[in-house]
2 protein chains.
Amino acid sequence: MDDHQRCPRFEKAMEILSKRWTALIIFQLLPGPQRFARIENSLQNLSGKVLSDRLKELELEGIVKRDVYPETPVRIEYRLTDKGKALAPLFDSISNWSGEWIQLSQ
Amino acid sequence: MDDHQRCPRFEKAMEILSKRWTALIIFQLLPGPQRFARIENSLQNLSGKVLSDRLKELELEGIVKRDVYPETPVRIEYRLTDKGKALAPLFDSISNWSGEWIQLSQ
DNA sequence: CTGCATCCGATAAGATACTG
DNA sequence: CAGTATCTTATCGGATGCAG
């Protein structure tokens, strides 16, 4: 039995996804583009500051795209890129696992 | 288009898995039981304290089991429970995604 | 030597108030 | 509405040390 090979890609992925709130934000965006306030309201205990930080990080990683619609008032929407949408199977995996193994009695 | 329903199981799962190092530790244990020092050595920059913390958390969650073999010197091994092993598909998903989308040029 | 406790500085998160 | 600035609080993680 050997160690798992150190895989930098895998570790990078974990580094991105394992930041607090990041995965939940992506999950929330899966159904489609959403505005800042909506994401904020959908995630209990997530402050505007942290959401702002995370969205910026995700934009840098190319997982989220920020669309500005110059209406009045201006409308800004966040949506997943293809790279972001490609994470859907991962969330299915987590969903399946949590459905089978997580008890809420605690 | 609706918000994703708030799913406490999913959020609990994310809370567990998204702690720094946790997923990498589980990944490292997938091939089989391992001792403390081996896990520590396999994960660059992971300190003994943090590993100890994480293993205790994972034990509480029923994801990892700690086996004590009363030899001299004592031998302690950590292994995944069925609940832990059930996470394997999740790591496949991350692996696939990172293989396809993560660039290391940065 | 291995596994873990304690201490403490660094970092991140949260509350609140404010701006374009 | 979509953030930012500032401050306080909580959490993390690295160094060290000690017990079995």
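A, B, ... follow the sequence lines: proteins, then strands. Residue 1 opens every chain. Predicted, not measured: the structure shown is a model, and the values here were computed from it.
Between the CD atom of E71(B) and the P atom of dG3(C) there is a distance of 12 Å, given to the nearest Å. Between the CG atom of L51(A) and the P atom of dC1(D) there is a distance of 14 Å, given to the nearest Å. Here dC1(C) presents its P atom at 19 Å from CZ of R38(B), a figure rounded to the nearest Å. Taking atom CZ of F36(B) as the reference point, atom P of dG20(D) lies 17 Å away to the nearest angstrom. Taking atom CG of residue L58(B) and atom P of nucleotide dC4(C), one finds them 13 Å apart after rounding to whole Å. Between the CD atom of E40(A) and the C1' atom of dA15(C) there is a distance of 12 Å, given to the nearest Å.
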Verify side chain to side chain contact (heavy atoms under 4.5 Å, CB included) between R66(A) and L55(A), making sure each step is shown before the conclusion.
CA-CA 9 Å; R66(A) 182 179 187 269; L55(A) 286 171; over 6 Å; no
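The side-chain contact (heavy atoms from CB on, under 4.5 Å) test with E57(A) singles out one residue from E59(A), R54(A), E61(A), and that residue is R54(A).
The pair R75(B)-E77(B) meets the salt-bridge criterion, with a side-chain N (NZ, NE, NH1 or NH2) lying under 4.0 Å from an Asp/Glu carboxylate O.
Backbone-only contact: I76(B) has heavy atoms under 4.0 Å from sugar-phosphate atoms and none from a base.
For residues 39-49 of chain A, every residue pair satisfying the salt bridge (Lys or Arg N to Asp or Glu O under 4.0 Å) rule, not counting sequence neighbours, is listed here: K49(A)-D53(A).
Within the structure, a side-chain polar atom (N or O) of R35(A) is placed less than 4.0 Å from OP1 or OP2 of dA2(D). For the OP1/OP2 pair of dA2(D) and a distance below 4.0 Å, the side-chain nitrogens and oxygens of Y69(A) include no atom meeting the criterion. Close to dA2(D), at under 4.0 Å from its OP1 or OP2, lies no side-chain N or O of K56(A).
Judged purely by atom type and a 3.5 angstrom limit, S98(A) has no side-chain atom pairing as donor or acceptor with the backbone of A13(B). The main-chain N or O of L51(A) is never found under 3.5 Å from a side-chain atom of K56(A) such that the two would form a donor-acceptor pair.
V64(B) is listed as a side-chain neighbour of L80(B), based on a closest heavy-atom distance under 4.5 Å.
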Show me the protein contacts with nucleotides 17-20 of chain C, counting only N or O atoms at under 3.5 Å.
none

Give each protein N/O atom lying under 3.5 Å from an N/O atom of nucleotides 12-18 of chain D, with the pair distance.
unit_1, atom_1, unit_2, atom_2, d
dC12(D), OP1, K19(B), NZ, 3.0
dG13(D), OP1, R20(B), NH1, 3.4
dG13(D), OP2, R54(B), NH2, 2.9
dG13(D), N7, K49(B), NZ, 2.7
dG14(D), OP2, N45(B), O, 3.4

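The closest side-chain donor-acceptor pair between S18(A) and S18(B), if any, does not fall under 3.5 angstrom.
Between F91(B) and F27(B), the ring-plane angle classifies as tilted under the 30° and 60° cut-offs.
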